[in-house]
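Please read the structure below before turning to the comments.
Along the sequence shown, residues are numbered consecutively beginning with 1.
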Amino acid sequence: MDAIPLELRTPNYRATELTGIGYDPTLDRQDPSNVIKVADSYYVWYTQRPAGVEPYASTIYYATSADGISWVDRGQALDRGPTSAWDSFGVITPYVAVAGGRYYLYYTATSDVEPFGTNSTLRHIGVAAADSPEGPWQRIAHAPILSPSPEATSFDSLLVDDTHVIVRGGRYWLYFKGRSPELKPDETKWGLAIADDPAGPFRKNERNPVLGSGHTVCVWPHREGVAALVDNAGPERFTVQYADDGIHFRRAASLAFVHTGCGPYDPDAFADASYGRGISWGVAQERHDGRLYIVRFDCELRAPPEAS
């Protein structure tokens with residue numbers, strides 16, 4: 001097993017307020033995606049809804065920025081599916097991958113067939129594709145690409161949620177949050193599913209869960225392995241984790257921060273290569289006066305050029 005990279009052991013985490021997608025007393029914005037750069041613009045996607053609306057009844061919006069600080073809300077990117085569809089109640093927690101010149105937007109969704117309940121309603125993961133980060137986004141097969149396990153004893157028998165996708169060796173590694181009905185939301189674990197195509201089919205890893213706790217986890221390629229920033233739940237809370245094989249994670253460092261729903265900016269994330277430089281900044285969600293909004297974090301978790 002390789003040593004944990006030095007730059008992961010000494011994170012310098014700090015947060016910065018943003019304009020355009022920052023605090024708004026009339027809205028909730030949460031669960032920002034990763035940040036990607038296309039031409040001269042940064043893009044981010046996020047869950048949005050009017051204040052007071054059930055969080056899982058949200059839809060997905062997006063914003064652009066020239067500097068990563070001042071953002072412009074560009075409107076809705078993905079709406080709910082049709083009545084009674086698997087994604088008819090809400091679409092949330094976006095994440096975007098780039099492959100073969102196309103853009104793939106992964107999201108979590110629930111159905112309006114029955115009233116939503118945190119510990120009773122199944123959650124699935126779907127994907128939509130577009131030729132531009134501006135959309136329009138077309139659902140692929142109009143069906144989930146990943147669903148809860150049918151086995152009642154599985155860690156993900158109630159939900160699969162909060163997707164992060166990276167490329168390793170030409171394959172698509174989808175990390176997801178999983179939980180069973182008897183557990184609380186802060187008792188979620190993290191699993192992995194892998195596919196040869198960004199639209200799937202995805203096959204769950206035999207060693208799941210790969211991380212034993214973490215309500216949300218920010219994942220990125222780092223050197224030859226995978227790094228993860230774990231937020232505020234469970235034994236791994238407020239830590240940086242590293243796995244040289246992308247599966248066997250070990251603690252690299254502890255962090256004193258309270259932001260959740262993190263998404264990294266990593267220009268190497270979707271390159272079909274065996275080496276990732278890591279991240280130096282990203283986005284996360286913050287709360288003020290009961291409203292959720294998006295902030296930027298800088299963490300300096302990027303490997304030096306000579307390391308490659």
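Evaluation of the side chain to side chain donor-acceptor pair (under 3.5 Å) rule for Arg251 yields no partner, not counting sequence neighbours. Among residues two or more places apart in sequence or in another chain, the ring-ring contact (aromatic ring centres under 6.0 Å, His included) test is passed with Tyr95 by His164. By the side-chain contact (heavy atoms from CB on, under 4.5 Å) test, Arg203 is found to be paired with no residue, residues two or more places apart in sequence or in another chain being considered. Take Ala193 and apply the side-chain contact (heavy atoms from CB on, under 4.5 Å) test, not counting sequence neighbours, and it matches Leu146, Phe176, Phe202, Lys204. With sequence neighbours left out, the side chain to side chain donor-acceptor pair (under 3.5 Å) criterion links Arg102 to Asp131. The side-chain contact (heavy atoms from CB on, under 4.5 Å) check on Asp24 picks up Thr26, Leu27, Arg29, with sequence neighbours excluded. Considering only residues two or more places apart in sequence or on other chains, His142 meets the ring-ring contact (aromatic ring centres under 6.0 Å, His included) condition with none of them. By the salt bridge (charged side-chain N to carboxylate O under 4.0 Å, His left out) test, Arg80 is found to be paired with no residue, residues two or more places apart in sequence or in another chain being considered. With sequence neighbours excluded, no residue forms a salt bridge (charged side-chain N to carboxylate O under 4.0 Å, His left out) with Arg74. For the side-chain contact (heavy atoms from CB on, under 4.5 Å) test, residues two or more places apart in sequence or in another chain that qualify with Pro209 are Phe155, Lys189. Residues passing the side chain to side chain donor-acceptor pair (under 3.5 Å) test with Ser84, sequence neighbours excluded: none.
For the 3.5 Å distance criterion, the side chains of Ser180 and Glu182 qualify, holding a donor opposite an acceptor. Between the side chains of Thr260 and Asp231, no donor-acceptor pair is found at a separation under 3.5 Å. For Glu187 and His215, the side-chain atoms include no donor-acceptor pair closer than 3.5 Å. No hydrogens or angles considered: nothing links the side chains of Ser132 and Glu134 as a donor-acceptor pair under 3.5 Å. Side chains of Arg287 and Tyr293: no donor on one and acceptor on the other come within 3.5 Å. Defined by atom type and a distance below 3.5 Å, a donor-acceptor pair is missing between the side-chain atoms of Thr47 and Gln30.
More than 12 heavy-atom neighbours from other residues, nucleotides or ligands sit within 6.0 angstrom of NZ on Lys37. The environment of CG in Asp40 is sparse: at most 12 heavy-atom neighbours from other residues, nucleotides or ligands sit within 6.0 Å.
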- Step by step, work out the side chain to side chain donor-acceptor pair (under 3.5 Å) result for Glu151 and Thr153. CA-CA 5 Å; Glu151 301 295 332; Thr153 57; 5.1 Å; no
- For the pair Val96 and Tyr43, evaluate side-chain contact (heavy atoms from CB on, under 4.5 Å) and give the outcome as yes or no after the intermediate values. CA-CA 10 Å; Val96 172; Tyr43 286 77; over 6 Å; no
- Message: side chain to side chain donor-acceptor pair (under 3.5 Å), that's the test. Do Thr108 and Asp161 meet it? Break it down for me.
- Response: CA-CA 6 Å; Thr108 306; Asp161 199 347; 2.8 Å; yes
- Task: Let me see the working for Leu211 and Val217 under side-chain contact (heavy atoms from CB on, under 4.5 Å), right down to the final yes or no.
- Result: CA-CA 9 Å; Leu211 267 173; Val217 179; 4.1 Å; yes
- Task: Any chance you could lay out the side-chain contact (heavy atoms from CB on, under 4.5 Å) test for Leu292 and Arg49, step after step, and finish with the verdict?
- Result: CA-CA 10 Å; Leu292 293 166; Arg49 62 188 175 277; 3.9 Å; yes
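Minimum interatomic distance between Trp190 and Asp162 (heavy atoms only, all atoms of both residues): CH2-O, 3.1 Å. Across all their heavy atoms, Trp45 and Leu105 have their closest contact at CD1-CD1, 3.8 Å. Closest of all the heavy-atom pairs between Ala97 and Tyr106 is CB-CE1, 3.8 Å.
A salt bridge between Arg14 and Glu300 is present, with a side-chain N of the basic residue lying under 4.0 Å from a carboxylate O of the acidic one. A salt bridge between Asp87 and Arg139 is present, with a side-chain N of the basic residue lying under 4.0 Å from a carboxylate O of the acidic one. The residues Arg302 and Asp268 are annotated as salt-bridged, a charged nitrogen and a carboxylate oxygen being separated by less than 4.0 angstrom.
Checked against the 6.0 Å centroid threshold, Phe249 and Tyr242 do not count as a close aromatic pair. Aromatic rings from Tyr107 and Trp86 are positioned such that their centres are separated by under 6.0 Å. Ring centroids of Tyr265 and Tyr42 are separated by less than 6.0 Å, placing the two rings close together.
A donor-acceptor contact shorter than 3.5 Å links the side chain of Glu236 to the backbone of Ser213. Under the 3.5 Å distance criterion, the side-chain polar atoms of Asp28 are left unmatched by any main-chain donor or acceptor of Gln48. In this structure, the side chain of Asn119 engages the main chain of Pro181 through a donor-acceptor pair within 3.5 Å.
By the 30° and 60° cut-offs, the orientation of the rings of Phe297 relative to Tyr13 is parallel. Between Trp173 and Tyr175, the two ring planes are tilted [angle within 30° to 60°].
When hydrophobic side chains of Ile, Leu, Val, Met, Phe, Trp and Tyr are connected at separations under 4.5 Å, Leu183 ends up as a singleton with no cluster partners.
Taking 4.5 Å as the limit, every side-chain heavy atom of Asn12 sits out of range of all side-chain heavy atoms of Thr10. Within the 4.5 Å cutoff, the side chain of Glu54 has heavy atoms near those of the Phe116 side chain.
Each of Asp31, Thr93, Val53, Ile92 was checked for a side-chain contact (heavy atoms from CB on, under 4.5 Å) with Ser58, and the lone residue meeting it is Ile92.
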